[in-house]
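Down below is the structure, laid out as structure tokens.
Here is the naming used below: chain letters follow the sequence lines, and residue numbers restart at 1 for every chain. Computed from heavy atoms alone, side chains included, the values below leave out hydrogens, waters and symmetry copies.
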Amino acid sequence: MGINKIYKTVEEAIADIPDGATIMIGGFGHAIDRPQTLIKALANKGVKNLTIISNSAGVAGKLGIGSVGGKPFIDEELLVENGQVKKVICSVPASLVMSKPNAFEKLYREGKIELECIPQGTLVERIRAGGAGLGGFYTPTGVGTLIEEGKEKRIIEGREMILEFALKADYALIRAYKADTMGNLIYQGIMRSFNAIMPQAAKVAIVEVDEIVEAGELDPEGIVTPGIFIDRIVKIPREESK
Amino acid sequence: MGINKIYKTVEEAIADIPDGATIMIGGFGHAIDRPQTLIKALANKGVKNLTIISNSAGVAGKLGIGSVGGKPFIDEELLVENGQVKKVICSVPASLVMSKPNAFEKLYREGKIELECIPQGTLVERIRAGGAGLGGFYTPTGVGTLIEEGKEKRIIEGREMILEFALKADYALIRAYKADTMGNLIYQGIMRSFNAIMPQAAKVAIVEVDEIVEAGELDPEGIVTPGIFIDRIVKIPREESK
Amino acid sequence: MKERLSREVIALRAAREFFDGAVVNLGGGIPALAANFVPEGRTVIFHTENGALGFGPVPRSESETKPHLMGASGIPFMPQPGMCFFHHADSFAMIRGGHIDITVLGALQVSEKGDLANWTFPKRMVGNIGGGMDLAFGCPQVIVTMEHITPSGELKILKECTYPLTAPRCVSKIVTDIAFLIVTEEGLVLKEVAPGWTVDEVQAVTEPKLIIGDDLKEMEL
Amino acid sequence: MKERLSREVIALRAAREFFDGAVVNLGGGIPALAANFVPEGRTVIFHTENGALGFGPVPRSESETKPHLMGASGIPFMPQPGMCFFHHADSFAMIRGGHIDITVLGALQVSEKGDLANWTFPKRMVGNIGGGMDLAFGCPQVIVTMEHITPSGELKILKECTYPLTAPRCVSKIVTDIAFLIVTEEGLVLKEVAPGWTVDEVQAVTEPKLIIGDDLKEMEL
């Protein structure tokens with residue numbers, strides 16, 4: 001009678017993530033949009049050699065930028081600091097405050113972590129392409145900058161463009177507001193960001209939500225992420241999220 | 001204090017569409033999702049040499065396929081039949097019932113109209129690319145079929161793909177359910193189809209809706225088409241739509 | 001003449017391939033009928049390319065028919081808990097991205113390699129590609145449902161398709177009015193024959209040499 | 001020393017460029033302050049790349065601050081009628097597609113051709129590209145707000161940028177603490193000087209030769 005997608009704990013939900021996995025981590029960089037509890041569980045699990053695809057390499061949480069009252073929160077910096085990450089593909093690798101370098105910068109200067117730093121719009125479009133079965137796309141963003149180095153270019157309709165390729169992952173860890181039992185998701189305000197794009201591009205998508213309701217309780221016109229993209233749901237009210 | 005987007009009549013809303021314009025026409029092919037009143041006004045206006053980008057060349061309306069009770073409705077066949085169309089870019093050019101050929105087929109056999117027939121997913125993705133500032137994309141759809149003729153191919157991640165280019169238009173004519181005064185739109189059920197994708201790719205987007213409400217009356221979490229994409233709104237309750 | 005399976009029974013046999021939790025898109029014609037035959041105990045999520053997922057059955061009366069609840073073939077559907085809607089770009093991202101597990105499509109011709117031809121033929125100057133090509137390329141499992149031969153007796157299961165292809169090597173299973181076959185690297189494997197039909201009779205109306213499945217049986221209806 | 005314009009006044013001058021109905025994205029720092037100075041009688045729709053359009057002003061107290069109503073720079077906003085939300089792919093489709101009319105960005109360097117450098121510099125091994133590059137490439141009008149020179153006195157308006165570019169030839173207007181300039185095919189045109197500043201004084205801290213606008217005037221504050 002359909003697949004049960006509801007997991008009691010984040011530990012169970014991430015139990016099969018192996019060393020060397022490629023993991024997309026959702027959100028933009030605010031306390032409310034990050035899957036903090038899933039990240040923490042991944043840190044506790046201690047898996048290594050991860051490739052992280054995310055907007056940032058963990059730049060805002062410790063500084064409390066993007067939370068009400070400037071309260072620190074968890075982001076992928078925890079994984080980077082733990083030495084669990086081999087490579088980060090992101091648009092914001094360094095601290096937002098130059099005088100307070102983050103874990104990524106320190107490891108990067110020591111040559112202990114790899115980086116692919118790309119424009120945010122290119123990053124999210126590469127993820128969308130991965131989920132949409134496309135191989136790649138031509139974008140104007142980055143022509144005439146360091147970003148074009150080593151990339152194919154062509155002129156389309158008189159404008160020079162760069163070829164960028166699709167990104168996929170083994171897992172996506174995301175945060176949403178409410179899920180129904182089928183995995184349909186809604187968000188609140190700015191929570192959609194990368195959360196509503198990454199599940200499509202991952203083999204297994206795991207979401208932490210404030211609330212799980214019965215199928216039919218969410219307005220069909222308001223569902224943002226169709227349940228077919230979501231594999232595992234864990235209820236973590238935001239006040240307990242960490 | 002912001003731009004007034006509300007037009008009293010469809011005639012005023014389409015008054016500046018010139019001969020030779022490229023026009024996207026929204027909907028999929030059902031009575032409820034087509035901008036019937038705008039199409040009719042365009043037919044009455046008599047502009048010529050149009051390039052139409054739409055899911056079909058007008059295949060369902062006269063047959064009443066896709067309406068409650070099989071009641072005939074208006075689609076782009078009216079423009080084709082009138083001899084107003086130079087070229088159609090679509091995925092469904094011919095009648096759905098072989099024994100009842102449509103206006104497009106007759107003109108096409110006489111060499112009086114041009115056709116670019118492409119897969120529906122490629123069509124909508126080309127329109128999305130146009131609205132999203134991308135030049136083109138690689139898709140697997142069509143490799144090894146007539147569709148690949150004359151197109152560049154390359155292998156990405158072991159899979160052969162075709163290069164397809166972005167589509168843009170001078171105007172988009174679409175149908176939605178409700179608009180607010182800022183042009184934010186919501187739809188009902190299957191109405192989104194091409195309607196929610198074409199405005200982004202057109203210089204001027206014109207929508208006919210059942211109802212116009214004040215800004216703030218639509219749930220911000222439920223808005224499907226942001227108002228920044230919409231230029232002109234005309235209220236045409238669906239029972240009067242034709 | 002032997003009795004051939006009705007369109008409904010072809011659809012019923014195809015529907016047995018729907019696994020629990022499968023996301024399924026049905027083409028028009030025989031495929032659309034499969035919605036009525038989902039095996040008991042399995043939940044199937046139906047997708048229509050014009051922008052809905054998880055919708056319910058066909059309404060029983062016109063009074064229950066809503067103009068905004070209608071699938072791609074023009075067949076209306078009822079609302080169902082968990083249903084949702086989306087635009088065409090998202091809909092075909094689902095299809096091309098491999099998120100629709102199974103599609104059931106009609107066919108004009110199918111080759112032993114699993115090539116599918118279902119959108120046009122040489123005499124028709126203009127064919128409708130529609131959404132079928134994306135479905136054939138994008139869905140992990142493509143099931144063809146069709147009559148085994150044309151009304152005028154021409155073969156439809158061929159060594160090579162002679163009509164323009166919808167997609168090469170995409171079909172995994174074929175349900176006809178006399179047989180159920182699967183496409184393998186080695187060729188077409190005959191898995192089931194319709195009641196009363198023999199292997200030789202099926203082979204006689206099938207151009208490529210059939211491989212006889214070890215577990216060949218009469219179709220259970 | 002002469003008085004330089006405050007960060008608020010730089011932002012105020014930039015905001016005068018917002019036309020009625022404009023869709024505007026503001027970067028962090030001085031640009032973000034421009035939200036407070038939309039000229040009376042004009043409606044501006046603000047966009048934030050983390051997924052909101054048409055939101056209202058900064059809340060006056062923490063009790064009015066909601067965690068889900070916060071812009072890209074971490075600055076909270078109030079709801080406003082007509083506001084809407086969307087995901088990142090849609091947000092950057094808006095930006096790259098030219099649907100955001102104006103962006104106001106900070107800069108490390110700007111060239112006389114309108115090249116912008118604002119994401120990194122050689123000594124910093126790791127820079128943050130973020131959403132700025134898409135904004136610089138995608139928005140029809142890029143307005144730079146910044147101090148005219150660095151705290152240590154280095155020039156920022158140059159013949160050629162020496163730092164890695166964010167985008168070439170993208171800047172259309174520059175508002176600094178001593179001048180308002182526009183980028184033209186012929187070069188940088190000085191349109192306004194801050195109260196008390198002379199053309200020569202502005203030229204002295206600007207590497208490229210300035211073209212003096214016919215209508216050059218003192219900035220009205």
Side-chain angles (χ1 to χ4, degrees), chain A residues 22 119-122 124-143 148 151-169 176-178 184-192 195-197 201 218-226, chain B residues 22 119-122 124-143 148 151-169 176-178 184-192 195-197 201 218-226:
Chain A
T22 296
Q120 207 166 112
T122 298
V124 72
E125 192 63 23
R126 289 180 64 189
I127 297 167
R128 179 187 177 273
L134 302 172
F137 55 88
Y138 283 97
T139 174
T141 304
V143 170
E148 73 171 36
K151 292 178 182 166
E152 274 182 50
K153 291 194 294 178
R154 74 184 289 152
I155 292 167
I156 298 176
E157 297 279 323
R159 194 165 185 201
E160 221 176 349
M161 302 226 182
I162 296 175
L163 174 58
E164 298 278 2
F165 293 101
L167 279 174
K168 292 189 185 190
Y177 177 40
K178 290 185 186 180
N184 291 304
L185 303 181
I186 62 167
Y187 302 83
Q188 223 185 357
I190 53 145
M191 289 177 74
R192 302 182 192 193
N195 289 311
I197 285 296
L218 302 178
D219 175 4
E221 300 285 352
I223 289 169
V224 175
T225 298
Chain B
T22 296
Q120 210 168 108
T122 298
V124 74
E125 192 63 24
R126 289 179 64 188
I127 297 166
R128 179 187 178 274
L134 302 172
F137 56 87
Y138 283 96
T139 175
T141 305
V143 170
E148 72 170 37
K151 291 177 183 167
E152 275 181 49
K153 290 194 293 178
R154 74 183 288 149
I155 292 167
I156 298 176
E157 297 280 321
R159 195 165 183 197
E160 223 177 350
M161 302 227 182
I162 296 174
L163 175 59
E164 298 279 1
F165 293 102
L167 279 173
K168 292 189 183 191
Y177 178 40
K178 289 186 186 179
N184 292 305
L185 304 181
I186 62 167
Y187 302 84
Q188 226 185 355
I190 53 142
M191 289 176 74
R192 302 181 193 192
N195 290 311
I197 285 295
L218 302 178
D219 175 4
E221 299 285 352
I223 288 168
V224 175
T225 298

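- If you measure heavy-atom distances from B:Glu125 to chain A, the contacts under 4.5 Å come from the side chain alone.
- Residue A:Arg192 touches chain B through its side chain alone, counting heavy-atom pairs closer than 4.5 Å.
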- Task: Please assess B:Arg154 against A:Leu163 for the test side-chain contact (heavy atoms from CB on, under 4.5 Å), listing each intermediate value before the final yes or no.
- Result: CA-CA 12 Å; B:Arg154 74 183 288 149; A:Leu163 174 58; 3.3 Å; yes
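- Neither the backbone nor the side chain of A:Glu157 comes within contact range of chain B; no heavy atoms are under 4.5 Å apart.
- Using a 4.5 Å cut-off between heavy atoms, B:Tyr187 contacts chain A through its backbone alone, with no side-chain atom that close.
- What you find for B:Pro140 and A:Gly133 is that their closest heavy atoms are CD-O, 3.2 Å.
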